[in-house]
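Reading through the structure tokens given below for one structure.
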Amino acid sequence: MDQQEQQNQTSREDYHLTPTAPRLLSREVLFCFPFRSLDLSPMAGLSALNRPSAAASVAPPGLASRLVLLLTALPLFLSIFAFVLQWRGGTDDPVSRWPAESQKFPGMDNSPLGSSISSSTSGRSSSSSSDCVEILGQSSSPSFPYYRGWKFNFDLDPHPKISIVSTTSASLEQILPWLFYHKVIGVTQFLLFVEGKAAKSHSSAILESIPGVKVIHRTKDLEEKQAQSRIWNETWLAGFFYKPCNYELFVKQSLNMEMAIVMARESGMDWIIHLDTDELMHPAGAGEYSLRRLLLDVSSDVDMVIFPNYESCIERDDIKDPFSEVSMFKKNYDHLPKDTYFGMYKEATRGNPNYFLTYGNGKSAARIQDHLRPNGAHRWHNYMKIPKEVKLDEAAVLHFTYTKFSDLTSRRDRCGCKPTKDDVKRCFMLDFDRAAFIIASTATEEEMLHWYNEHVVWTDKQLNLKLLKKGVLTRVYAPMAIIQGLRESGVFSSAIASAQTLSKEKFLSSMEGLQNKNSSALPNLSTAASKNTMRGAGGKESYASARKILETAVFTENAIPPISPPGLDDI
């Protein structure tokens, strides 16, 4: 026992323990002891159970304080480190470096902040208002930090330069989102041949004030110049003359496209596209979401690029803003496997005459070069050669057709045809347009709404999901996101509000100058067609007589009209 007591005493001295300590050593204390003092023999554990443990089972003084200090200092250090990484050497807001006038957003005029800003700048604005000669002058236009100016005039030398030509009678509510969206994806120039709502003085002035936009009114001078044009006196388009509604529009579009080629070439453009204001380019497949990037990657020996069209599939009958509310589209035949297309054909048509409600042969972009001419509203051609064309596998034209219930009555109001099966063939080229015109002309509003939901609105969610899984339908969100972002940033309202700052007299004088400028800027398209004109009374040339000659002759229809996609009979 004396020997055992001596050993225990030695152990207590080695570990600095007291007899009154607990019998078991804590894990933390063991880890704190030097390993050279531990007895790692097999009997060490048993002897430790029998000998009294020390009061040092509590952590050594300073360990807890060190741990608390570490937990406090570590987050503080990480915060400082993150601040150093993000600090760019300045404390001012980049937006604050913009001029004070450019920070005023639409809607601030009625707010206290807006009133304070306007009061501080009233002296400067009043002195500069007399210098605002052009309508919607740059000096009064607010800028937006996210887009660095709603005018989008920041790329001084884009490449390639793209021109879009359109014949439109739409309102500003449709044209402005369409126009600025295409500016975002890289379009340089817009040649707008306006009629109807788009031709109103206020709308035209707003459009003309936007950089890169040229507005052409359908005046007598324009019609006379187009009557002297080459394609008016050729045979490939003559079969569409002297027919109302869609045929008349088709001829106007072709004549405007011919004039646009000359205007785009004089402006140094590289590509030209004919597009309606209910269509959006969808440059999928490019390295970035950019039409400019897409055409930049096209081989230099390609003359024409074909964009298959996707057709909108609305899921409600109360759509107000199609560009911001419609995301589901039906794919084109060219972007689907044949087995899928024909296998799902009946379910995709839902009882309608064709796979698409309207056309299915897409739109095209042409490289501007010698001897280029339009070949109808959907294609281009060349007088001297057969153009080399490519059809893109992913990019498309998004066609927003019949997206609003009011489209039924608006089409009816534009045409004076009788609602009979025989007469509508004179007015419309496609079967669905004919059926829609008859319904809009003969049914009550309640019956029209029922027909609209049955033939246009996609209300069957199970069918929609099935066709989405099969790839017949697809969701496209990029244009919606871009247009919503533009609207929320006040780009559209800013363009409209700028015109309201001008006085009525200055507005009218600017419009008069705009009309004169457009009239004098029209290119002269007269060719050998002047030889075909006939002398009228008083020895004056009558282009109307020349047109009648074309009307009575028999020609082959070479222009490519809007064509429906292939049906089951085409298998």
| request: Taking ring pair (Phe, Tyr, Trp, His ring centres under 6.0 Å) as the test, write out the residues that go with His335, two or more places apart. | output: Tyr310

| query | With sequence neighbours excluded, what pairs up with Arg293 under the salt bridge (Lys or Arg N to Asp or Glu O under 4.0 Å) test? | reply | Asp297

| task | List in chain and number order the residues that pass salt bridge (Lys or Arg N to Asp or Glu O under 4.0 Å) with Glu248, two or more places apart in sequence or in another chain; answer none if no residue qualifies. | result | Lys252

| said: Tell me every residue that passes ring pair (Phe, Tyr, Trp, His ring centres under 6.0 Å) with Tyr359, counting only those two or more places apart in sequence or in another chain. | reply: His378, His399

| Taking only residues two or more places apart in sequence, or in another chain, which ones meet Phe190 in a ring pair (Phe, Tyr, Trp, His ring centres under 6.0 Å)? | Trp178

| message | For Glu279, give me all partners under salt bridge (Lys or Arg N to Asp or Glu O under 4.0 Å), at least two apart in sequence or on another chain. | response | Lys363

Side-chain donor-acceptor contacts of residues 326-334 below 3.5 Å, not counting sequence neighbours, with atom names and distances?
from: Ser327; atom 1: OG; to: Arg475; atom 2: NH1; distance (Å): 2.9
from: Lys330; atom 1: NZ; to: Ala348; atom 2: O; distance (Å): 2.8
from: Lys330; atom 1: NZ; to: Tyr355; atom 2: O; distance (Å): 2.7
from: Asn332; atom 1: OD1; to: Asp334; atom 2: N; distance (Å): 2.9
from: Asn332; atom 1: ND2; to: Asn309; atom 2: O; distance (Å): 3.0
from: Asn332; atom 1: ND2; to: Asn309; atom 2: OD1; distance (Å): 3.1
from: Asn332; atom 1: ND2; to: Gly360; atom 2: O; distance (Å): 3.1
from: Asp334; atom 1: OD2; to: Lys391; atom 2: NZ; distance (Å): 3.3

| query | What residue pairs, at least two apart or across chains, pass side-chain hydrogen bond (donor to acceptor under 3.5 Å, both in side chains) with a residue in residues 458-467? | reply | Glu347-Lys466

| query | Quick one: are the ring centres of Tyr289 and His282 less than 6.0 Å apart? | reply | yes

| message | List the residues meeting side chain to side chain donor-acceptor pair (under 3.5 Å) with Arg412, not counting sequence neighbours, and say none if there are none. | response | none

| Test disulfide bond (SG atoms under 2.5 Å apart) applied to Cys245 - qualifying residues, sequence neighbours left out | Cys415

| task | Assess the pair Phe323 and Tyr181: is the distance between their ring centroids shorter than 6.0 Å? | result | no

| Residue list, salt bridge (Lys or Arg N to Asp or Glu O under 4.0 Å) with Asp303, at least two apart or on another chain | Lys385

| request: Can you sort out the partners of Tyr345 under ring pair (Phe, Tyr, Trp, His ring centres under 6.0 Å), two or more places apart, ordered by chain and number? | output: Tyr341

